[in-house]
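What follows is one structure encoded as structure tokens, with my remarks underneath.
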Amino acid sequence: MHTVIIIGGGPAGCEAAYQLASDGIQVHLIEKNNETGGNLNNWYQLFPDRKNAQDLNKRLQEQLNHPGITLHLGMEPSRVEKDGQGRFSVSLSDGSLLEGDALLVATGFKTFDAKRKEEYGYGIYENVVTSVDLENMFRNHAIRTSKGDVPRRIGIIHCVGSRDEKVCNFHCSKLCCITGVKQAIELREMLPESEIFCFYMDMRMFGPGYEEMYREAQEKYNIKFIRGRLSEAAENREHQVQVKVEDTLLGRPLRVTLDLMVLLVGMEASNETQGMARELGVKLAPSGFILPLDPHYGNNLTGEKGVFITGCCSAPMNLTDTLNDARSAAVCITRYLNMK
Amino acid sequence: MNLEGKQQVWKDYQKEIADDRYYYARSCIRQTFFPGSEWAYLDILKNKLGKDVLDDPRHTTCTGIGYHSDVVPVQTIMTVVARHFALMTEAGYENITPSCITSFGIYTEILETWAHHPEIEEQIREYLWKATGREFKKPKNLAHTSDIIYKFREDIAAQARYKLVDVHTGRQLRGVDHIGCHYAKMFPSKGIGGAEFPAVLSGMISSWGGDVVDYPERRHCCGFGFRQYLVMANRGYSVANSKKKFESMRPYEPDFIVANCPGCAMFLDKWQYTISEMEGTTYGQDGYGIPVLTYEELAGLVLGYDPWELGLQMHQVAVEPLLDKMGIAYDPEMKYRTKEGKDIGRPKCPTYLKV
């Protein structure tokens, strides 16, 4: 029986593990945290159907009960080696050793550290939060300012750490636009009296149902979308956030005072993704994510034989694409093992 | 506001500042409008801190105002700056310390340009040689003079005769720090604390006992902006920018403003008079304005220099309310007299602004 070692227990790693195990392959799934789910653990609802994120998470976790899957929680690979016969051995942080016939990297992404956009004041101004912080607020059903008040005016800032030469990120994180729309609707549902603004560069509604959701946000939920990039934020005496934006459709500067400012943080390759790329000698794209062998025919392949990739370690992708990518990786690996 | 967050930013933006032996580059504006400032700076460094500073009479304008107004071409300003470096080299110094923020920005920009384009540096070396027969070494260390005072702020605090505290109430005096745009907005890594939360002046205020006011328009330009001011038709724009800042800082009731750019200090001081004449609005207490100081003047006051020797009578906004709060003794009769007692004349009394 063939064995595959998967590094990373986020949605991609979990789904790939299940698909491979269902094909009769023995799987070792390594996850650094004490639970699987990765970034999904931080999310409240999913777009476009507003599914509870933890329902999906739970389903993915239940799949891991498959007898072909051995889960290694709270473990990190300390060393990865490949022998002359194409077999991999992975040393874990507890000193144990795993062996496999193929390696699947599913180490995912990290969210952009909003403190790097100093002018937005995250970590300094009391009422500046990230989209991840907001998801946590949603989960606790507590959307409040630092003083405990209901925010009357909320601004959502798109493209924080994405498409931004100043922070050396030229890539689009792809999901922030629809996340902003989803979060604006969720805010409206929880705070029907509040004014909600989205400040965007472009609205990139790439997935099925996204454009409709964007339209609904404007027509049904009265979210105000303003095309213009935030130039500066400052805190006033009431701890509100005073922002300066150029409305690039009207060609006018705007100054708006917000009770709560949400930064839609972009996606970057996780430290583990970059570390595995170095360890395995696979190439990185200029964005910092792992470069697939071919964008059309080899999106789960790397230049290293037996090393496969899946999910957001190669590019930002939504959960639909992530799960599809995991299934695609499982097909690639099964075919590779059958030809061995 | 989370001070720890700010402190982390300050840690991220520390720069190397030479410890001694400075070649001083005077400022066109500062030595014209605040002549006591440059004298005080040199006196503090030489006689209070025991540093070696060369005040070179051969040094000229950097032509920055002309450059930013599109009057002086970039090759010309680079050659003028190259001559400054040559004067520094000939005098045996390696650390250059401009008094002007525009000059500091110009020097930084030119050194960065040369670092990325060595062929331009070679061309400028050739121009300088042909024009003057001079050669130069690039400075080992470039720091603005406010960086130097920041570096030695605790030494100054140790010698302080007065603190930034209201002696009548014990309240910390509230200081607004205004950083010149060309200090760090172009090259954040060259400024202490970076461009967004600079610490160069706020660090002085804190070390000398004051409380720093962080208000929404803190980062906003004073409105000088060369073309705004030099083109008379644009001056309304310049005043409007200063007004925006005053309106934003007024609710915090600041006791003083300190600036590290000579142009900013001038406009924040003079425009208070202009706005009062235009609108009858004043921003200080009881009809006074908010006193505007250069950091050298602030250091001088803390160290116990005579306010009139520092040249504070040259300010448009009266500084007496601040002197009274700090408990600084001064002779009102000597405000408009030379040391020898000769009358130097006095400005006309504004319509609204109390002086």
Side-chain angles (χ1 to χ4, degrees), chain A residues 112-130 132-133 144-149 153 155 157 160-161 164-169 229-246 251-263 265, chain B residues 1-14 174 176-179 181 183-200 202 211-223 225 228 237 240-241 243-254 283:
Chain A
F112 175 77
D113 177 8
K115 287 179 185 162
R116 284 168 58 195
K117 287 297 288 177
E118 290 168 12
E119 60 271 40
Y120 297 173
Y122 181 68
I124 295 176
Y125 303 147
E126 292 182 11
N127 289 301
V128 177
V129 299
T130 66
V132 182
D133 299 330
R144 291 288 183 272
T145 67
S146 61
K147 285 195 283 189
D149 299 330
R153 190 181 279 169
I157 315 301
V160 176
D164 187 347
E165 187 175 350
K166 196 176 164 189
V167 294
C168 303
N169 280 345
R229 193 144 199 194
L230 181 70
S231 66
E232 181 187 318
E235 189 175 276
N236 68 14
R237 296 187 83 188
E238 288 73 38
H239 305 293
Q240 294 167 307
V241 190
Q242 182 183 299
V243 298
K244 292 181 183 174
V245 187
E246 182 187 359
R252 283 187 180 172
L254 285 180
R255 191 170 66 177
V256 186
T257 302
L258 304 169
D259 298 311
L260 186 68
M261 182 164 93
V262 181
L263 305 177
V265 283
Chain B
M1 200 166 299
N2 179 3
L3 186 62
E4 283 177 11
K6 271 190 182 180
Q7 285 166 341
Q8 184 55 49
V9 174
W10 294 337
K11 275 187 202 162
D12 293 344
Y13 288 100
Q14 289 297 317
R174 291 182 286 266
V176 161
D177 63 323
H178 179 79
I179 309 294
C181 292
Y183 173 70
K185 283 181 185 167
M186 295 187 293
F187 298 95
S189 63
K190 306 297 180 190
I192 294 166
E196 304 299 337
F197 299 97
V200 62
S202 60
D211 185 25
V212 181
V213 172
D214 194 338
Y215 63 109
E217 297 293 352
R218 175 178 50 78
R219 298 181 183 108
H220 201 83
C221 171
C222 73
Q228 280 94 277
Y237 186 71
N241 279 281
K243 179 179 157 67
K244 184 177 276 198
K245 289 186 73 75
F246 294 135
E247 297 286 345
S248 177
M249 71 175 78
R250 177 159 59 178
Y252 298 80
E253 299 179 348
Y283 295 99

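Per chain, numbering begins at 1; letters A, B, ... match sequence-line order.
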Choice from B:Pro188, B:Gly5, B:Ser248 maximising heavy atom contacts with chain A below 4.5 Å: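 The answer is B:Gly5.
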Sidechain-backbone polar pair: A:Asn236 side chain, B:Pro216 backbone, donor-acceptor under 3.5 Å: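 Checking the backbone N and O of B:Pro216 against the side chain of A:Asn236, no donor-acceptor pair under 3.5 Å is found.
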For chain B, the option from A:Gln240, A:Glu126, A:Glu119, A:Arg255 that forms the most heavy-atom pairs under 4.5 Å: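 Ranked by heavy-atom pairs under 4.5 Å with chain B, first place is A:Glu119.
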Contact leader toward chain B among A:Lys244, A:Lys115, A:Arg237, where contacts are heavy-atom pairs under 4.5 Å: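 Heavy-atom pair counts peak at A:Arg237.
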A:Glu118 versus chain B, the contacting section by heavy-atom distance below 4.5 Å: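 Looking at A:Glu118, backbone and side chain both touch chain B.
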Salt bridge (Lys or Arg N to Asp or Glu O under 4.0 Å) involving B:Arg219 - partner list, sequence neighbours excluded: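 With neighbours one apart ignored, the set is A:Glu232, B:Glu196.
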Partners passing side chain to side chain donor-acceptor pair (under 3.5 Å) against B:Lys185 (at least two apart in sequence or in another chain):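 Once residues adjacent in sequence are excluded, B:Lys185 has no partner under the side chain to side chain donor-acceptor pair (under 3.5 Å) criterion.
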Atom of B:Tyr252, atom of A:Glu235 and distance for their closest heavy-atom approach: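 Between these two residues, the closest heavy atoms are OH-O, 4.1 Å.
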